[in-house]
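First the proteins, then the strands, lettered A, B, ... as listed; each starts at 1.
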Number of protein chains: 2
Amino acid sequence: MQNNQFKKGELYSFITGKASTAIARRLQKKLNQAGLNITIEQWSVLYHLWKKHGLSQQELCLATYRDKPSITRLVDNLEKLNLVKRVPSESDRRINLIYLTKQGQKMEEETMQLADQTLNEALKTVPSSKIELCKEVLQIVYDNLK
Amino acid sequence: MQNNQFKKGELYSFITGKASTAIARRLQKKLNQAGLNITIEQWSVLYHLWKKHGLSQQELCLATYRDKPSITRLVDNLEKLNLVKRVPSESDRRINLIYLTKQGQKMEEETMQLADQTLNEALKTVPSSKIELCKEVLQIVYDNLK
DNA sequence: TTTGATTAGTTGTATAAACAACTATATGCA
DNA sequence: TGCATATAGTTGTTTATACAACTAATCAAA
């Protein structure tokens with residue numbers, strides 16, 4: 001019966017996401033050790049800007065699953081670090097378009113390597129087929145709750 | 001080749017754990033709607049105290065994958081809410097044993113039902129075998145990074 | 001027994017998340 | 001055109017996390 005597939009004792013780690021927490025912590029540690037003075041949260045914003053320049057804060061909200069105040073403050077901090085710049089949209093004055101500075105652009109290669117390393121360490125003993133299946137399940141979970 | 005099983009574009013959701021975030025948010029919403037004035041982080045501490053009374057703060061750190069200051073402050077807040085009580089250990093005066101108050105004990109049944117519901121909603125369309133496999137992978141990830 | 005190291009917990013500080021309330025601009029429709 | 005409504009972003013407040021530095025108690029070994 002679908003309804004009781006989970007027993008209480010098994011709930012916890014699914015809810016807390018201890019695996020993804022561990023991955024994030026490992027990447028954070030690598031960033032620190034490399035002397036890169038950013039948080040993983042900041043990295044996750046940069047990540048989307050490397051893929052597409054000039055996203056609005058609203059688009060960053062959707063991309064990173066954060067609410068608007070969270071993005072406001074992450075962009076604040078990224079601006080303080082001189083990694084991005086707010087540029088008011090010319091067609092809609094409500095909108096800030098966020099652009100990478102040269103310094104922000106320069107971080108892509110090194111940090112993406114560290115992220116690749118992190119995932120390879122996390123998944124080194126897991127066969128690809130299982131990874132795919134796991135990703136599928138996590139996507140379904142996300143869709144079910146959206 | 002193991003080393004490149006993950007392409008850059010796929011990194012993000014694994015690192016951010018969007019699925020577990022979604023589960024946690026859903027449970028938080030249920031707690032709020034039920035008028036239960038606690039956070040999921042507080043709930044995650046109570047969860048371990050329901051399983052075993054009188055854990056030390058250090059044991060709570062291990063159980064919940066948090067550092068000591070985090071547990072200090074979670075216990076502070078749970079004490080303010082009158083849900084737990086610090087009791088100095090008689091055999092080792094460094095240690096605080098954390099006990100549930102009556103009010104804290106009373107929350108178990110209702111909140112565990114909400115947690116069960118949450119997971120059932122998250123996993124309703126996922127066959128049990130895949131859930132098992134996914135749990136396995138996440139456990140391996142955790143162990144790889146420990 | 002004394003002292004040096006370890007363990008348990010606390011405090012300070014910076015960053016981040018969630019929620020509510022707010023401002024400013026844009027849009028849509030009567 | 002004008003007003004209600006929606007959208008983009010900011011600010012305030014509370015809670016939580018990570019890290020470093022700290023206090024107090026315990027332990028271990030000379």
Starting from [atom2] on [N], measure out to [atom1] on [X] and report it in whole angstrom.
{"X": "A/Leu60", "N": "C/dA16", "atom1": "CG", "atom2": "C1'", "value": "16 Å"}
{"X": "B/Tyr65", "N": "D/dA18", "atom1": "OH", "atom2": "P", "value": "14 Å"}
{"X": "A/Lys68", "N": "C/dA21", "atom1": "NZ", "atom2": "P", "value": "14 Å"}
{"X": "A/Gln58", "N": "D/dA6", "atom1": "CD", "atom2": "C1'", "value": "12 Å"}
{"X": "A/Leu55", "N": "D/dG9", "atom1": "CG", "atom2": "C1'", "value": "16 Å"}
{"X": "A/Asn96", "N": "D/dG9", "atom1": "CG", "atom2": "C1'", "value": "7 Å"}
{"X": "A/Lys29", "N": "D/dT17", "atom1": "NZ", "atom2": "C1'", "value": "15 Å"}
{"X": "A/Asn37", "N": "D/dC19", "atom1": "CG", "atom2": "P", "value": "13 Å"}

### Message
Whether the side chain of B/Arg94 and the base of C/dT7 hold a donor-acceptor pair under 3.5 Å is what I'd like checked.
### Response
yes
Is any side-chain heavy atom of [X] less than 4.5 Å from a side-chain heavy atom of [Y]?
{"X": "B/Leu100", "Y": "B/Glu108", "value": "no"}
{"X": "A/His48", "Y": "A/Thr64", "value": "yes"}
{"X": "B/Glu121", "Y": "B/Lys30", "value": "yes"}
{"X": "A/Val137", "Y": "A/Cys134", "value": "no"}

Counting just side-chain N and O atoms, does [X] come under 4.0 Å of either OP1 or OP2 of [N]?
{"X": "A/Arg93", "N": "C/dA24", "result": "no"}
{"X": "B/Thr39", "N": "D/dA16", "result": "yes"}
{"X": "A/Gln57", "N": "D/dT10", "result": "yes"}
{"X": "A/Arg66", "N": "C/dA16", "result": "no"}

### Message
Under 4.0 Å, heavy atoms only, any strand: does A/Asp67 hit a base, just the sugar-phosphate, or nothing?
### Response
base
### Task
Could you check whether A/Gln42 gets within reach of a base, just the sugar-phosphate, or nothing at all, counting any heavy atom under 4.0 Å?
sugar-phosphate
### Query
Taking for each residue the nucleotide of DNA chain D bearing the nearest heavy atom, is the 5' side occupied by A/Asp92 or by A/Arg25?
A/Asp92
### Query
More 5' along DNA chain D: A/Pro69 or A/Gln28, using each one's nearest nucleotide?
A/Pro69
### Message
Let's go through A/Glu41 and A/Arg66 carefully: what are the C-alpha distance in whole Å and the side-chain angles of both, what is the deciding distance for salt bridge (charged side-chain N to carboxylate O under 4.0 Å, His left out) to 0.1 Å, and is it a yes or a no?
### Response
CA-CA 10 Å; A/Glu41 293 84 359; A/Arg66 290 183 171 88; 5.4 Å; no
### Message
Testing the basics here: between B/Ala24 and B/Ile40, what is the closest heavy-atom pair and its distance to 0.1 Å?
### Response
CB-CD1, 3.4 Å
### Task
Can you see which heavy atom on B/Arg26 is nearest to which on A/Asn144, and at what distance?
NH2-O, 4.1 Å
### Query
Between A/Ser91 and A/Glu41, which is nearer to the 5' end of DNA chain C once each is assigned its nearest nucleotide?
A/Glu41
### Query
Residues in side-chain contact (heavy atoms from CB on, under 4.5 Å) with A/Asn32, at least two apart?
A/Gln28
### Task
Could you check which residues of residues 73-90 of chain B get a heavy atom under 4.0 Å from DNA chain C? Sort them by number, please.
B/Arg73, B/Arg86
